[in-house]
Novice: 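Here's a structure for you.
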Amino acid sequence: MTTYRISQLAERSGVPATTLRFYEDAGLLPADRTPSGYRVYGEDAVERLAFISSAKLLGLALEEIRELLDVREEGVCASVRARMLPLAADRIAETDGRIAELRAFSAWCRRIGSGSFAAGHRTARKPCP
């Protein structure tokens, strides 16, 4: 079985070591210890971090992520999926709304670039002082 020290897991996952320690303290990422006290993570830590990252992208709080990880550990994938679907749907709706806002802002910026600040209205260009 492959094991990683904290620096190796940080490099492999792209998650800083400080965040890995925080996740351990928060109960999201368990770590074994060597006799000399070094943290050691198994191959499952990489997958667990991917799950945590995905859940964070959905906007879940750490407590919600911990609950989902607990359910996931019990092997009840259908339960995880059932809880994630509404959260994902909400996040998709929020993202779609944000995209619409960004498109409107982009259109507004284009109008500024073309000299038209309001629909069908051109502002006289004054010389700069």
Side-chain angles (χ1 to χ4, degrees):
M1 180 176 135
T2 304
T3 59
Y4 303 99
R5 289 207 175 166
I6 195 165
S7 61
Q8 295 169 317
L9 182 60
E11 185 177 330
R12 169 110 192 246
S13 66
V15 177
T18 54
T19 302
L20 296 176
R21 287 185 201 95
F22 174 78
Y23 286 167
E24 181 184 359
D25 291 342
L28 299 172
L29 186 66
D32 292 328
R33 300 285 180 153
T34 66
S36 56
Y38 290 102
R39 290 174 174 85
V40 179
Y41 302 91
E43 183 65 35
D44 61 316
V46 176
E47 185 180 322
R48 192 175 183 96
L49 285 169
F51 182 88
I52 293 168
S53 295
S54 296
K56 284 181 62 180
L57 284 173
L58 292 173
L60 273 66
L62 293 181
E63 180 60 35
E64 293 172 312
I65 295 171
R66 184 177 21 260
E67 290 172 9
L68 289 172
L69 284 168
D70 290 344
V71 172
R72 186 172 174 261
E73 290 297 310
E74 295 170 11
V76 188
C77 293
S79 296
V80 173
R81 192 175 311 111
R83 289 213 37 209
M84 292 295 284
L85 287 176
L87 296 170
D90 290 347
R91 189 64 173 164
I92 289 167
E94 289 172 18
T95 302
D96 288 346
R98 184 73 175 134
I99 289 169
E101 291 171 0
L102 290 170
R103 284 189 175 140
F105 182 71
S106 177
W108 184 80
C109 288
R110 282 191 181 94
R111 285 194 305 272
I112 288 175
S114 69
S116 174
F117 295 101
H121 179 283
R122 284 208 169 293
T123 302
R125 294 184 189 192
K126 297 179 182 178
C128 292

Novice: State the CG-CD1 distance between Leu60 and Ile52, to the nearest 0.5 angstrom.
Specialist: 11.5 Å
Novice: Counting only heavy atoms not in Glu47, do more than 12 sit closer than 6.0 Å to its CD atom?
Specialist: no
Novice: Do the side chains of Phe22 and Leu28 join up, straight or via other hydrophobic residues, at under 4.5 Å, putting them in one cluster?
Specialist: yes
Novice: Flag yes if more than 12 heavy atoms outside Glu11 fall under 6.0 Å of its CD atom; otherwise flag no.
Specialist: no
Novice: Is it true that, when you exclude Arg103 itself, more than 12 heavy atoms of the residues, nucleotides or ligands shown sit nearer than 6.0 Å to its CZ?
Specialist: no
Novice: Working to the nearest 0.5 angstrom, can you tell me the gap between Arg48 CZ and Leu69 CG?
Specialist: 4.5 Å
Novice: Check Arg21 with Glu24, please: is the shortest side-chain N to carboxylate O separation under 4.0 Å?
Specialist: no
Novice: Over all heavy atoms of both residues, which pair between Ala10 and Ala17 is shortest? Give the atoms and the distance, please.
Specialist: CB-N, 3.9 Å
Novice: Given 3.5 Å as the limit, does a donor-acceptor pair link the side chain of Ser106 with the main chain of Leu102, or not?
Specialist: no
Novice: Going hydrophobic residue to hydrophobic residue with side-chain gaps under 4.5 angstrom, can you get from Phe105 over to Ile99?
Specialist: no
Novice: Are Val40 and Tyr4 connected in the hydrophobic side-chain network, where two residues link if heavy atoms are under 4.5 Å apart?
Specialist: no
Novice: Run through Leu29, Leu9, Leu20 and flag the one making a side-chain contact (heavy atoms from CB on, under 4.5 Å) with Val15.
Specialist: Leu20
Novice: If you define the side chain from C-beta out and look only at heavy atoms, does anything of Thr3 sit under 4.5 Å from Asp32?
Specialist: no
Novice: Could you give the distance from CZ (Phe51) to CG (Leu68), rounded to the nearest 0.5 Å?
Specialist: 5.0 Å
Novice: Mind checking whether Arg5 and Arg39 have side chains closer than 4.5 Å, heavy atoms only?
Specialist: no
Novice: Do Val46 and Tyr41 sit in one hydrophobic cluster, given that two such residues count as connected whenever their side-chain heavy atoms are within less than 4.5 Å of each other, even indirectly?
Specialist: yes
